[in-house]
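Structure record follows, encoded as C-alpha cells.
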Protein chains: 2
Amino acid sequence: MANIQQVAKQAGVSVATVSRVLNGQNTVASKTRIKVEDAIKKLSYEPSMLGRNLRNSESRILLVLIPTISNPFYLEIIKGIENVAISQNYNILLCETDSNPERENIYFDLVRTKMVDGIISMDPAVNVETLIKLAEKHSIIQCSEYAIDSGIPYVTIDNEEASYLAVKHLIKIGHEKIALINSDEKYLYARQRRIGYQRALEEQGILVNNDYIIHTQHLGFENGKQAMKKILNLEDRPTAVFAVSDLLAIGALKEISTNGLHVPNDIAVVGFDKIDFSNMTNPTLTTIAQPMYKMGTIAAKMLISQIKGEEVESIILDHELVIRGSTLG
Amino acid sequence: MANIQQVAKQAGVSVATVSRVLNGQNTVASKTRIKVEDAIKKLSYEPSMLGRNLRNSESRILLVLIPTISNPFYLEIIKGIENVAISQNYNILLCETDSNPERENIYFDLVRTKMVDGIISMDPAVNVETLIKLAEKHSIIQCSEYAIDSGIPYVTIDNEEASYLAVKHLIKIGHEKIALINSDEKYLYARQRRIGYQRALEEQGILVNNDYIIHTQHLGFENGKQAMKKILNLEDRPTAVFAVSDLLAIGALKEISTNGLHVPNDIAVVGFDKIDFSNMTNPTLTTIAQPMYKMGTIAAKMLISQIKGEEVESIILDHELVIRGSTLG
DNA sequence: ATGAAAGCGCTAACAT
DNA sequence: ATGTTAGCGCTTTCAT
C-alpha cells in the first residue's frame with residue numbers, strides 16, 4: 001500500500017504537490033500534474049481516508065437511526081438519504097435502535113467520538129433530552145417523528161391533518177362506527193393522529209367511542225392482527241377501521257378475512273404510509289401517502305447544511321389520500 | 001472538544017497514561033487511573049476515533065453490499081450482520097448497488113481507501129473479476145450469491161437441493177404441469193435452482209416444458225405479476241408455479257386472484273426465502289425457508305476473522321420447506 | 001508553481 | 001508504573 005510520500009518520491013515532487021493534484025487544485029503546472037498522475041498509476045496509489053479524515057477532522061459519514069429495519073416505511077426514506085449523501089460524497093451508517101435507549105446511547109457515542117459527522121434520527125422512542133443535549137454540540141436532524149420546540153430541525157408531515165383526511169374519507173363513504181388502531185400515545189405522531197381522528201368524527205357530530213380506540217406497542221403485522229381481533233369482539237362492531245400504519249392495516253385485513261368477513265363490504269380499512277406492500281394485498285389498501293423519498297432527501301440536505309454550519313429550517317411536507325380496494329365497495 | 005493532551009495535563013500525567021486508561025490496560029496504578037478518570041469526566045472528554053483509527057490503520061466499519069434494500073430477504077441477513085458487528089465493536093455501512101457496476105465501483109473504493117475494513121457482498125450481479133482482484137488485498141466475504149472457485153469465502157445454501165425440494169412437494173401433492181418463475185440465468189443461483197427444478201421433474205418422468213419456464217429481470221412483485229400473466233396465457237395452463245423469490249410468488253398470487261382464479265385450487269404456488277410478508281398474504285405462501293439471520297451472523301464472523309488475518313472456510317447452511325396455504329387444498 | 005514543515009489525535013515501543 | 005517520543009497519512013500555511 002503506497003502512501004503519499006512514496007508517490008511524491010516517485011514523481012520527484014513534494015507531498016504538498018501530490019496532495020494538490022489529489023484535491024484537484026489548479027495551481028499545479030500541467031507538466032507536474034502529469035508526473036504525479038503517472039506515479040499514482042504506477043504505484044496504484046489510493047489515498048487513505050484515515051489520514052485525510054483526521055486532518056480534516058471529519059468522517060464524511062452520516063448516522064441514520066431507525067427503530068427497526070423491518071418496517072418498509074423507512075426504506076424509501078433511506079433511499080432518499082442515501083442518494084443525497086452519495087452525491088455529496090458522504091456515506092451513511094444505518095443503525096437500528098430497536099427503540100432501546102441503551103443501544104441508542106452506543107450510537108450517540110458515534111458522533112461524540114467523531115466517527116460520524118451528524119445524525120438523522122427517525123426513532124419516535126428517542127430520548128428527547130439526550131438528543132437536545134447532543135444537538136448543542138453536534139449536527140442533528142429529526143425525520144418523521146420530532147420534538148416540538150426542541151430547537152432540533154425536522155422534516156415531517158402534518159399528522160393531524162393526514163389522519164383527519166383518512167377518517168373523513170371513511171365518513172364520506174357512509175361509515176359512522178370507525179375504529180382507530182393507534183400506537184402508543186407517548187409518541188407525538190400517535191397523539192396527533194388521534195386528534196385528527198377525533199376532529200373528523202366530532203365535526204360530523206359522531207360521538208367518539210373510546211372502545212373503538214385500540215393501542216398497540218409496535219407497528220407490525222402481528223400487532224394489527226391482535227388489535228383487529230379485539231375490534232371484532234366488540235359488542236357493537238365497527239364497520240370501518242383506520243390504522244396508523246400500513247403494516248397494522250395489513251394485519252387487520254388478514255384478521256378480518258380469517259374470520260370470514262369481507263373487506264370492504266363488511267369492514268372498510270384505511271392504512272398509513274403507502275408502503276409498497278400496501279398495493280400487494282387483496283384487496284389493495286386505501287392509505288395515506290407520505291412523500292418518503294423526498295423526506296429522506298430533504299433530511300439529508302438539511303443535515304449536510306447543518307454540518308457546514310449553515311442555518312436550517314424545519315419543513316412540513318404534503319400528504320395524500322390514496323383510495324384503493326379496501327374502501328371501494 | 002478536549003483532546004488527550006488536555007486530559008493528560010489536567011490529570012497531571014502523560015498522554016501515554018491516559019491512553020492506557022482509555023484502553024483498559026492494567027498496568028496503571030489505581031490511584032493514577034482515578035486521577036485520569038476524573039480529568040476525563042471534568043473535561044467531558046471523548047476520544048476521537050479519527051486519531052485512533054489512523055494510528056491503528058483501521059476504520060472498524062464493515063461494508064455490506066446489497067442489490068436493493070427493497071427485497072426484505074436482505075433485511076434479516078442485515079440484522080444478523082449488525083448484531084455480530086456491534087458485539088465486536090464494528091459498525092456497518094449499508095450500500096445499495098442497484099446492480100449498477102459504476103455505483104459498485106464507488107463502493108469498492110471504500111475499502112481501497114481504508115474507509116472500511118472489509119466487504120460482505122450479496123449482490124448477484126457483482127463483477128466477479130473485480131471482486132477477485134479486490135480480494136487479493138482486502139477482506140471480502142460473499143453471502144448468499146457466490147462465485148465458484150473464486151477463492152473468496154462464502155456462506156450460502158444448497159440452491160439446487162432447495163429448488164428440488166420445492167418442486168418435489170408440488171409433484172407429491174399431484175401436480176405435473178409446474179411452471180418455474182426464475183430470474184436471469186446469468187446468476188449462479190438461478191442456474192442452480194433451474195437444475196433442481198428439472199431434476200425433480202425428470203426424476204418422476206415428467207417432461208420439462210420450456211414454455212413453462214419464465215425469466216424475470218428482477219425479483220420484485222411487479223415482475224412476478226408479469227410472469228404470471230404470461231403463464232396464464234399459456235395454451236396448456238400449468239396447475240402449479242414455483243417462483244424463486246417470495247416477492248415474485250406474491251406477485252403471481254395477486255395476478256392469479258385478479259383473474260378470478262383460486263390458489264391453491266386452480267393453481268398452487270411455492271415461493272422462496274420465507275420473508276415476513278409470505279405469511280401476510282391470502283392465502284399464506286408455501287416457501288423455502290433460508291436461515292437468513294444465521295447467514296448474516298456467519299458472514300459477519302467470517303469477515304471479522306478474515307480481517308484479523310485468520311483463515312476462513314465457506315459454509316453451506318440448511319434450508320427447509322414450509323408448507324402453507326398456497327399449496328394446501 | 002512548488003517545497004518545507006507543522007500538526008490533526010491517537011497508540012506503542014522504548015526508556016526510566 | 002509512568003513518561004518521552006515517533007509516527008500513522010494526510011492537508012495547509014508559509015516561504016521561496
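The sequence lines fix the lettering, A, B, ..., with proteins before strands; numbering per chain opens at 1.
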Open item on the list: Pair R103(A), D98(A) - check salt bridge (Lys or Arg N to Asp or Glu O under 4.0 Å), show working.
Closed with: CA-CA 8 Å; R103(A) 193 148 177 176; D98(A) 288 328; 3.6 Å; yes
- [ ] For I4(A), answer base if it contacts any base atom (sugar-phosphate contacts may also be present), sugar-phosphate if it contacts only those atoms, and nothing otherwise; contact means non-hydrogen atoms under 4.0 Å.
- [x] base
Task: Distance in Å, I66(B) CD1 paired with I69(B) CD1, rounded so as to fall on 0.5 Å steps - done: 5.0 Å
Tell me which donor-acceptor pairs under 3.5 Å the side chains of residues 296-307 of chain A have, and how far apart each pair is, sequence neighbours excluded?
from    : atom 1 : to      : atom 2 : distance (Å)
T297(A) : OG1    : K294(A) : O      : 2.7
S305(A) : OG     : K301(A) : O      : 3.0
S305(A) : OG     : E310(A) : OE1    : 3.4
Q306(A) : OE1    : I140(A) : N      : 2.8

TODO: For L54(A), answer base if it contacts any base atom (sugar-phosphate contacts may also be present), sugar-phosphate if it contacts only those atoms, and nothing otherwise; contact means non-hydrogen atoms under 4.0 Å.
DONE: base
Task: Nearest-0.5 Å distance that lies between atom CE in M49(A) and atom OG1 in T113(B) - done: 4.5 Å
Open item on the list: At 4.0 Å (heavy atoms only), tell me whether N53(B) reaches a base, stays on the sugar-phosphate, or touches nothing.
Closed with: nothing
TODO: Return the value, rounded to whole Å, for the distance between atom CZ of R20(B) and atom P of dC10(C).
DONE: 15 Å
Task: Angle by which the axis turns from one end of the helix from dA1(C)-dT16(D) to dT16(C)-dA1(D) to the other, five pairs per end, to 10 degrees - done: 40°
Open item on the list: Is it the case that the side chains of N83(A) and Y293(A) hold a donor-acceptor pair, with the cut-off being a distance below 3.5 Å and no angle test?
Closed with: yes
Task: CG-NE2 distance between N71(A) and H218(A), expressed to the nearest 0.5 angstrom - done: 12.0 Å
Return the polar atom pairs (N/O with N/O) between nucleotides 5-7 of chain C and the protein under 3.5 Å, or none.
from   : atom 1 : to     : atom 2 : distance (Å)
dG7(C) : N2     : R55(A) : NH1    : 3.3

- [ ] Could you please spell out the steps behind the side chain to side chain donor-acceptor pair (under 3.5 Å) verdict for Q290(B) and D273(B)?
- [x] CA-CA 5 Å; Q290(B) 295 201 51; D273(B) 292 342; 2.9 Å; yes
TODO: Please list, in 5' to 3' order, the outermost nucleotides of DNA chain D lying under 4.0 Å from any heavy atom of chain B.
DONE: dA1(D) to dG9(D)
Open item on the list: Show, in sequence, the C-alpha distance, side-chain angles and deciding distance for K114(B) and S57(B), and conclude whether the side chain to side chain donor-acceptor pair (under 3.5 Å) test is met.
Closed with: CA-CA 8 Å; K114(B) 305 218 167 205; S57(B) 194; 3.2 Å; yes
Task: Distance-only side-chain donor-acceptor flag, T17(A) / K35(A), under 3.5 Å - done: no
TODO: Could you list the residues that satisfy salt bridge (charged side-chain N to carboxylate O under 4.0 Å, His left out) with R55(B), not counting sequence neighbours?
DONE: none
Task: Evaluation steps, salt bridge (Lys or Arg N to Asp or Glu O under 4.0 Å), between R112(A) and D109(A) - done: CA-CA 5 Å; R112(A) 297 192 186 106; D109(A) 274 337; 2.8 Å; yes
TODO: Quick one: label S57(B) by what it contacts on the DNA or RNA (base, sugar-phosphate, nothing), any heavy atom closer than 4.0 Å.
DONE: nothing
- [ ] Test side chain to side chain donor-acceptor pair (under 3.5 Å) on S183(B) and Y189(B) and set out the steps.
- [x] CA-CA 9 Å; S183(B) 73; Y189(B) 77 91; 2.7 Å; yes
Open item on the list: Under the criterion side chain to side chain donor-acceptor pair (under 3.5 Å), I'd like the reasoning laid out for N105(B) against T130(B): C-alpha separation, chi angles, the key distance, then a yes or no.
Closed with: CA-CA 9 Å; N105(B) 228 335; T130(B) 316; 6.0 Å; no
Task: Residue met sooner reading DNA chain D from 5', once G12(B) and N56(B) are mapped to nucleotides - done: G12(B)
Open item on the list: Below 4.0 angstrom, which residues in residues 21-45 of chain A have at least one non-hydrogen atom near DNA chain D?
Closed with: N23(A), Y45(A)
